[in-house]
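Worksheet: the structure to be examined is printed underneath.
Positions are given from 1 along the sequence.
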Amino acid sequence: TFAHESLVVKSTVAYTDIPPGALITFLQKGLEYVGIEEHINEDGSVREFDGNYSLLSPFICQAVATKEEKRMRKGPSQINHTDENNMNIVTDETNKGDRDSLQQSIATTSHNGVVKSVTLQGHQGEVFMCLWNPSSRQLASGSADGTCRLWGLWDAANGASLPDATNMPIDAVVMPHSQHIGERYKDVTSVNWSPDGKHLATGCYDGVARVWTALGTLEMELHDHSGPVFSLKWSKDGKYLLSGSYDRRSIIWNPITGKAVKTYMLHNAPVLDVDWSDSDMFATCSSDRTIYICKVSTSDSTAIRTFLGHDDEVNSVSWSPGGHYLASCSDDSTAKVWTVNNGLAHDLRGHKKEIYTVRWTPTGIGSAHPDTPLHLCTASFDGSVKVWSPETGAMIFDLTRHGQPVYSLSANPEGTVLAAGSLGGHVTLWSLKDGSLISEIRGSGDTFDVSWSNDGSMLCSCFSSGTINIILLEEGQNVSSNLPV
């Protein structure tokens with residue numbers, strides 16, 4: 001009976017009548033408390049959520065997913081929805097993209113000359129990521145509004161550069177991931193261009209990965225995941241697509257047929273990031289603190305190596321340009337450098353809080369700049385960016401500006417300048433030659449991502465306000481201005 005199983009018989013209420021159904025009521029209340037606990041912030045405020053809590057299937061709550069979804073949601077969008085002329089909400093179901101208007105910002109000036117900046121408006125939610133096409137000046141952005149947008153088709157069509165006229169509308173293609181933009185649980189969580197720049201893959205909170213043409217036409221939907229897709233990467237030859245999901249699985253896809261080639265169920269917690277070493281070997285990391293190295297060419301879906309050593313969630317993994325080193329970072333405030341043959345090479349300590357991202361410079365063996373030293377860059381919630389030598393494990397530069405958590409890093413194609421995006425809308429440019437501060441840019445809201453164009457002439461940054469800013473950089477020019485907001 002419930003009285004014996006709950007050890008009530010050993011308490012002072014042993015002879016109190018226990019009504020029929022008390023066990024069921026007790027369990028129901030317990031489930032209610034668990035569900036409530038998932039929606040209470042540390043300060044006691046309530047996270048609004050209109051879904052049902054369940055123990056029988058993965059509980060995917062937008063509030064709880066804050067940490068799993070790469071900690072990118074920082075509250076409601078700050079977009080002013082009253083300007084309907086500049087932010088048209090698209091509800092077309094055709095998925096072939098739609099034209100939207102945006103407004104170019106005014107030119108800003110630094111002491112070294114005129115700097116052209118463009119503010120792209122149109123997203124109806126936070127813009128989590130921005131990524132340039134590897135072969136053209138075409139930009140993809142993914143947002144909490146459930147859309148991916150392609151900016152710069154004017155350039156893809158005729159080779160033109162950024163428009164010169166102020167307030168000039170620019171064509172953009174809207175790629176909806178649901179019937180209605182802004183629909184809940186349709187956040188775009190990942191965007192990745194194919195190596196040749198002809199296709200774009202997007203991951204979504206609805207668990208579906210999608211493959212689009214460079215013109216924004218939907219070609220394929222990949223449906224095997226049962227939870228949000230957190231990471232999506234093309235193999236180096238573009239033959240495969242690799243996805244990592246909240247459902248703990250990593251899947252190799254054939255992007256042409258849309259079929260799963262191999263499915264890996266190795267982790268016992270959400271897969272937070274994946275990355276290819278080449279077109280055969282790849283790495284996955286998870287909230288379960290482990291890193292697995294796998295090969296598509298093996299006969300089964302097992303790992304060839306398992307890396308253990310982190311004491312908390314592993315947020316990101318990244319292979320060096322030549323594929324010799326694998327870098328990882330974790331909530332345990334450390335980054336680590338591994339090699340496939342020998343395992344842990346360096347345990348990089350120096351950050352005081354969680355490390356959110358790691359990025360290699362596009363230099364060293366296997367890169368376009370083999371004679372330039374290879375560096376590993378780490379960004380942390382402690383507000384610092386650190387640059388390390390993968391050969392010795394020594395810290396080369398310790399870069400701190402505002403102390404705000406740093407979310408994103410991107411080195412220019414030459415590996416000489418590092419852009420860092422942090423909360424407060426800061427985008428800081430650091431010299432990788434001497435660690436000096438080159439310039440700082442200020443946008444609207446928190447900075448979620450930064451990205452250099454393939455030729456290094458443009459720097460893009462995206463913000464929680466829903467805006468995207470592009471700075472056109474001239475050779476040797478010092479950008480020292482606030483972006484218009």
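Panel note: side chain Thr447, backbone Gly421; no donor-acceptor pair is recorded below 3.5 Å. A donor-acceptor contact shorter than 3.5 Å is absent between the side chain of Asp187 and the backbone of Gly146. The backbone N or O of Val317 sits less than 3.5 Å from a side-chain atom of Asp273, completing a donor-acceptor pair. Remark: side-chain polar atoms of Ser286 are paired, donor with acceptor, to backbone N or O of Ala269 under 3.5 angstrom. Between the side chain of Thr189 and the main chain of Gly203, a donor-acceptor pair closer than 3.5 Å is present. Side-chain atoms of Asp449 do not come within 3.5 Å of backbone N or O of Ser408 as any donor-acceptor pair. A donor-acceptor pair under 3.5 Å links the side-chain atoms of His346 to the main chain of Pro390, judged by distance alone.
Ring orientation note: the planes of His426 and His402 are close to parallel, at an angle under 30° on the 30°/60° scale. Relative orientation of the Tyr240 and Trp276 rings is parallel, given thresholds of 30° and 60° on the angle between their planes.
A salt bridge is defined here as a Lys NZ or Arg NE, NH1 or NH2 lying under 4.0 Å from an Asp or Glu carboxylate O, and Lys236 with Asp278 fails to meet this definition.
In this structure, SG on Cys462 lies 8.0 Å from CZ on Phe448, to the nearest 0.5 angstrom. Atom OG of Ser231 sits about 7.5 Å away from atom CG of Asp275, to the nearest 0.5 Å. We find the CG-CD1 distance between Leu241 and Ile251 to be 10.5 Å, quoted to the nearest 0.5 Å. Rounding to the nearest 0.5 Å gives a distance of 6.0 Å between OG of Ser453 and CE of Met458. Rounding to the nearest 0.5 Å gives a distance of 8.0 Å between CG of Leu139 and CG of Leu131. For the atom pair OG of Ser333 and NE2 of His351, the computed distance is 9.0 Å after rounding to the nearest 0.5 Å.
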(request) List the steps, then state whether side-chain contact (heavy atoms from CB on, under 4.5 Å) holds for Cys294 with Tyr264. (result) CA-CA 9 Å; Cys294 307; Tyr264 297 81; 3.9 Å; yes
(request) Please assess Val417 against Trp452 for the test side-chain contact (heavy atoms from CB on, under 4.5 Å), listing each intermediate value before the final yes or no. (result) CA-CA 10 Å; Val417 179; Trp452 291 90; 3.9 Å; yes
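Arg137 and Ser457 share a donor-acceptor pair across their side chains, judged by distance under 3.5 Å alone. For the residue pair Asn469 and Ser461, no side-chain donor N or O sits within less than 3.5 Å of a side-chain acceptor on the partner. Between Asp145 and Gln124, the side chains place no donor N or O within less than 3.5 Å of an acceptor N or O (distance only, hydrogens not considered).
Taking the side chain as every heavy atom from C-beta outward, Met281 and Val340 approach each other to under 4.5 Å. The shortest side-chain heavy-atom distance between Ile365 and His324 does not fall under the 4.5 Å cut-off. Residues Cys285 and Ile291 have side chains in contact (heavy-atom distance under 4.5 Å, counting atoms from C-beta outward).
Under the side chain to side chain donor-acceptor pair (under 3.5 Å) rule, His177 has a single partner from Asp206, Thr202, Thr147, which is Thr202.
Taking the six-membered ring where the residue is Trp, the centroids of Phe128 and Tyr205 are separated by 6.0 Å or more. Taking the centre of each ring, Tyr407 and Phe381 come in below the 6.0 Å mark.
Taking each heavy atom of Ser250 and Leu242 in turn, the nearest pair found is CB-CD1, 4.3 Å. Residues Leu374 and Tyr325 share a closest heavy-atom pair of CD2-CD1, 4.1 Å.
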